[in-house]
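To keep things clear, I will list the structure first and then write my remarks on it.
Order of appearance sets the numbers: ligands from 1, and atoms from 1 within every ligand. We're numbering straight along the sequence, starting at 1.
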Amino acid sequence: MAAWNIDERPAPKPCKENDTGVFEITCRDGRARLGKIHTQHGIVNTPCLLPVINPNIQTITPRDMWTDYGIEALITNSYVIWKHEHLKTKALADGVHALLDYPGAIMTDSGTFQSYIYGDVEVGVEEIISFQRNIRVDIGTMLDVFSRPDMDENEVNYAVEETYNRAKTSIETAKGMMLNGPIQGGIFPDLRRKSALLMGEEPFTIHPIGGIVPIMEQHMYDKLAEIILETKPNLPAHRPTHLFGCGHPMLFPMAIALGIDLFDSAAYALFARDDRLLCPWGTEKFDRMTEWPITVPCVQSITPKQVREMSKEKKTEILARFNLEVTLAELSRCRQAVRDGRIWDLAKRRSKQHPALKKAWDFIENQQNQWIISSQNISNQGGWIYEHGSEKSDPRIIKSLQNLHHKWGHNDPEKLIIFYGTPSPWRMKLNELILKIRAMNEKVPILITTPIGLIPYGIEDLHPFAHIEAEEEIWTNPPKKGFIEQQLSALNIKPKNHLIADINQENLLENICDYLGEEIQKTAHRDVLFREQLSDKMQLFFGVDPEESADLVAEVSFIVGGTGRARNVLDSKGNHLFSPSLTNGSLAATAQGGLWLSKQSSRPPSVVVDEHAEPFVRKGRNVFHGFVLSVDENLKQGDICLIYNQDGEYIAVGKAECEANEMTLFKKGIAVSVRDGLKNVEGHDSKT
Ligand code: GUN
């Protein structure tokens with residue numbers, strides 16, 4: 001393999017004893033997550049693929065996996081090692097890492113898959129666990145019972161129950177070795193749920209979803225999506241989830257968007273042996289190919305024809321490397337998409353490339369799955385391309401609308417104005433006009449038409465509403481009567497009558513004056529608009545009732561930036577309370593703003609931290625998992641939250657990095673990104 005060797009990669013550092021088996025999340029995008037599994041053979045960054053190594057046939061050697069590809073963990077089969085005397089003897093004597101000549105983390109499977117293929121295995125439940133311990137694997141697997149998609153409900157129920165029956169003994173025998181607790185359940189949603197709930201009770205390290213190989217072989221990707229969606233919400237969220245036997249890059253974006261952390265597969269080698277190439281859009285046949293479908297390093301200076309002329313063994317190795325490189329590149333793309341908050345877009349794009357995947361994607365989007373929706377971070381910025389119906393299918397849009405519809409409220413007015421006719425930024429065209437309207441009428445609600453719904457003018461710069469890219473007619477066509485009725489009802493506002501006004505129309509102001517029955521007056525002060533925006537955003541971001549915030553909103557002053565927009569909100573004493581974001585329209589609170597919020601009866605959810613974290617949090621440092629004592633159960637990922645000490649004193653304001661139940665489940669990583677802490681506020685000096 002010298003031709004591909006780069007500099008020797010050093011061996012990984014073992015993690016701290018206490019951290020072994022801990023899963024830490026470093027980034028989230030909806031249910032997708034980037035994480036780190038801590039092992040005695042280094043950190044495994046997820047989502048990742050564990051390439052399957054057959055100890056008897058190594059198409060790409062484990063050493064090359066480590067050196068050439070930076071593979072941090074691989075999977076091999078303990079049953080295959082156990083069955084072959086020469087492998088077994090060496091593994092028992094020198095350990096599995098020496099057997100495979102691989103320095104990274106090694107996961108082993110247990111023989112379940114062999115029992116599915118050959119009908120039975122000769123090894124016992126405890127025997128195979130002891131063996132995995134004795135050959136010193138990092139992560140072992142119990143002997144679960146495979147559930148096939150053609151099994152009836154009774155047979156699958158047996159697989160689920162028998163797997164669970166074996167769980168306790170397996171864990172006891174593992175004596176602290178990290179262990180996989182596979183989830184079975186065939187294609188029966190309630191049995192998948194049952195399996196997840198049962199297996200989740202036991203202290204497994206990772207939960208692979210098993211019994212899915214035949215489902216993937218038959219391209220039943222909608223079933224695969226359903227299985228993941230039934231399983232994941234019922235598993236302990238702090239444990240990584242693995243898709244057993246899934247290695248086609250085409251499936252990665254969807255699976256990752258649904259919260260899968262690990263994949264394993266021999267597909268890179270098996271497909272290569274069959275002259276098939278893995279691509280992000282599907283599988284390509286190699287035999288008549290003139291050019292490579294993707295240029296990856298291993299084929300950069302060689303043509304398909306030259307590869308065809310090589311020995312079968314050499315050809316298989318190059319094609320396996322091609323498959324592995326494509327697979328790894330797609331995983332990198334997925335991880336970057338998670339960092340960019342765009343995994344849903346990538347998965348949607350990929351789903352259009354294969355009919356079975358499209359069917360799966362439609363199934364996912366049509367579900368309007370609240371577990372997915374609640375986790376979406378809607379403060380992202382950047383353009384968002386409108387597609388007809390996405391207000392009912394895209395979880396980020398659904399969450400934005402749910403937020404608006406649940407949190408924004410208005411007394412039923414006599415009159416109401418709805419503008420349409422142009423995309424954002426609306427302030428360019430409307431601010432002057434709105435100030436004139438406000439000089440005549442302070443209260444009339446003003447809404448703007450967007451393709452996904454009506455929004456109050458106070459949130460005209462809020463993502464995603466302010467960042468929708470849609471065809472011109474979608475903006476210029478007057479909104480239909482049904483749309484208006486449905487939207488007003490969703491916003492829970494019942495005006496006696498309303499005016500629909502085209503922003504581009506001549507005599508716009510005169511028409512509005514006629515509607516309001518008012519004479520044109522002078523222009524209101526721009527702060528009137530800033531106050532309206534503040535009040536609307538305080539509802540959306542902090543859950544503060546407008547009546548409760550009315551006194552504060554009336555007395556605040558604004559620091560205005562160069563573009564004429566409010567940058568900071570100050571109270572009457574000049575304390576900086578809030579900062580509207582100029583890029584995504586969100587509203588951030590300072591520690592003082594949080595203090596004001598903490599005194600209101602309608603306020604953001606709370607997080608309580610222990611005395612060890614308090615001094616750090618007061619200084620504005622993040623709250624780490626392991627220091628959270630309790631959490632409001634209605635707190636959602638991405639929510640602004642108020643942080644309290646054990647005595648119930650407010651100490652800081654931040655943004656939740658995870659859902660309420662995850663705050664106390666995880667033991668490592670950031671639970672709340674703290675925006676600002678109260679520091680040495682009077683009476684607290686001794687604690688800081
Ligand atoms: N490999 C592929 N599917 C499975 C499964 O269901 N269980 C186990 N243990 N290994 C697998």
Distances only, to 0.1 Å: what are the N or O pairs between ligand 1 and the protein that fall under 3.5 Å?
from     : atom 1 : to   : atom 2 : distance (Å)
ligand 1 : 6 (O)  : Q184 : NE2    : 3.0
ligand 1 : 6 (O)  : G211 : N      : 2.8
ligand 1 : 7 (N)  : D144 : OD2    : 2.8
ligand 1 : 9 (N)  : D109 : OD1    : 2.9
ligand 1 : 9 (N)  : D144 : OD1    : 2.8
ligand 1 : 10 (N) : D109 : OD1    : 3.4
ligand 1 : 10 (N) : D109 : OD2    : 2.6

Practice problem: Quick one: list whatever passes side chain to side chain contact (heavy atoms under 4.5 Å, CB included) with K348, sequence neighbours left out. | Solution: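 Applying side chain to side chain contact (heavy atoms under 4.5 Å, CB included) to K348 gives K352, W361, E365, E387.
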Quiz item: Does anything in residues 15-61 pair up under ring-ring contact (aromatic ring centres under 6.0 Å, His included), and if so which pairs, sequence neighbours excluded?
Solution: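 Sorted pair list: H41-H97.
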Exercise. Scan for ring-ring contact (aromatic ring centres under 6.0 Å, His included) pairs involving residues 159-201, sequence neighbours excluded, and state none if there are none.
Key: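 Residue pairs with at least one partner in residues 159-201: there are none.
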Quiz item: Is there a donor-acceptor contact under 3.5 Å from the side chain of R239 to the main chain of F204?
Solution: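 Yes, because the side chain of R239 sits within donor-acceptor range (under 3.5 Å) of the backbone of F204.
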Practice problem: Check whether the ring centres of H238 and H625 lie less than 6.0 Å apart, and answer yes or no. | Solution: no
Quiz item: Could R273 and F286 be counted as a cation-pi pair, given that NZ or CZ must be under 6.0 Å from the ring centre and within 45° of the axis?
Solution: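 Negative - R273 is either too far from the ring of F286 or too far off its axis.
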